[in-house]
Amino acid sequence: MSSFEVYDPDFSRYVMGNAPVKQLATGFDWVEGPVWFGDAGCLLFSDIPNNKILRFVPGQGISTYRAPSNYSNGHTRDRQGRLVSCEHGLRRVTRTEYDGAITIIADSYQGKPLNSPNDVVVHSDGSIWFTDPHYGIMTNYEGFAAEQELPCNVYRVDPNGGIAAVLTDFNCPNGLAFSPDETLLYVADTGRMFHPDPQHIRVFSMASGRPTGGEVFHTITPGCADGIRCDSDGNLWSSARDGVHCIAPDGHLMGKILVPETVSNLCFGGRAKHQLFITATTSLYAITLNRAGVQKP
Ligand code: MG
């Protein structure tokens, strides 16, 4: 049976008391970046320190999708269904083509190497948005220790290839997500992890086509918003140290799904996009919800 904490009675509409948080696989070192492929009936996710992208097939288990993965972290799919990946090791964002070839989407800005792209989303206009904190170059654990040459920015890569730093006032931008209608952009700031730095999610208006505003939407406690995704009602589901937090569109905490390990990232998937896949430290978990997530295509 699952453990929930309810802060708003509306949360009970989203969870089902008899749906368990299931541990699907364990024994990894630090997993992140889940992305669902309904067409292939599988989930891909990263075990960053072990330099692998893993594949989970319901009913079959775990296999290796790509190794080495260049210490990949976050993944998503573009509007054509192709895998888009952040790689700490080669400090780049890539796309995996239908034939398996790797295309570099971004690896530098103004002539300097990116830090270590962390998480990525694709807008319906085809632009690719990613965060570039320094975590992957701090040590040799999740990549290769290196000098940081750029601030920790959020970038937008135009469908025509141009790259722009669109958000430049973050400490360490991490998870990001568009609202279902793409009128809002949420970006988490997870700071330097070891200092009393920001652990919050900011919200930007996309009314002008570019992010404006940026006030604090919600502060995560305990832990941080390493990964965030919206459901079809516009609620934001965030990682936290104690599990997954569900945050209403007005920013208040509706409830928590308690998970036995620190959660890093999450994504919706499954037959009706109503399964929440959760990467948490050494394990992959899932819980079936009473709402579908926004995961395009
Ligand atoms: Mg992250």
Side-chain angles (χ1 to χ4, degrees), residues 28-36 43-54 69-77 83-94 106 114-122 128-139 141-143 148 152-155 167 170-178 185-194 197-202 217-218 220 222-230 236-241 243-245 247 259 261-268 276-285 295:
F28 312 112
D29 283 354
W30 180 258
V31 287
E32 294 215 36
V35 58
W36 175 253
L43 182 88
L44 301 183
F45 62 102
S46 300
D47 183 351
I48 306 177
N50 285 311
N51 204 10
K52 288 181 181 175
I53 300 174
L54 298 160
S69 63
N70 300 319
Y71 296 92
S72 71
N73 185 339
H75 304 280
T76 193
R77 301 179 74 180
L83 176 67
V84 177
S85 303
C86 294
E87 298 179 4
H88 287 179
L90 294 179
R91 303 169 70 168
R92 65 185 190 176
V93 178
T94 62
L114 297 173
N115 297 322
S116 51
N118 189 295
D119 211 345
V120 59
V121 291
V122 179
I128 295 169
W129 298 62
F130 68 93
T131 55
D132 187 40
H134 67 307
Y135 301 126
I137 54 172
M138 288 173 67
T139 68
Y141 186 53
E142 294 192 355
Q148 179 180 345
C152 297
N153 294 326
V154 179
Y155 295 96
L167 298 173
F170 275 73
N171 187 320
C172 288
N174 201 323
L176 73 174
F178 287 108
L185 171 66
Y186 299 100
V187 185
D189 197 330
T190 53
R192 308 252 149 186
M193 299 283 198
F194 310 110
D197 280 346
Q199 303 295 343
H200 56 221
I201 301 164
R202 294 169 60 188
F217 170 72
H218 184 86
I220 291 290
C224 59
D226 192 341
I228 51 178
R229 287 289 182 267
C230 280
L236 192 65
W237 298 74
S238 173
S239 69
R241 185 179 304 148
V244 175
H245 295 188
I247 304 152
V259 177
E261 298 178 78
T262 295
V263 173
S264 59
N265 289 177
L266 46 86
C267 79
F268 289 89
L276 190 65
F277 290 97
I278 301 163
T279 51
T281 312
T282 65
S283 304
L284 175 68
Y285 296 86
Q295 176 123 344

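For ligands, and for the atoms within them, numbers begin at 1 and follow the listed sequence.
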Fill in: Any donor-acceptor N or O pair under 3.5 Å, side chains N50, D29
yes
Item to complete: Measure from the ring center of F45 to the ring center of F28 and say whether it is less than 6.0 Å.
Response: yes
Worksheet item: For the rings on W30 and Y141, is their centre-to-centre separation under 6.0 Å?
Response: no
Practice prompt. Would you sort out whether T190 and Y135 count as a side-chain hydrogen bond (donor to acceptor under 3.5 Å, both in side chains), showing the intermediate values?
Written response: CA-CA 10 Å; T190 53; Y135 301 126; 2.6 Å; yes
Item to complete: Describe, in one word, how the ring planes of W129 and F178 are oriented to each other, choosing from parallel (under 30°), tilted (30 to 60°) and perpendicular (over 60°).
Response: perpendicular
Discussion item. I'd like to verify the contacts: list protein N, O or S atoms under a distance of 2.8 Å from the Mg ion (ligand 1).
Written reply: N118 OD1, N174 OD1, D226 OD1
Worksheet item: Would you call L43 and H75 a side-chain contact if the rule is heavy atoms closer than 4.5 Å?
Response: no
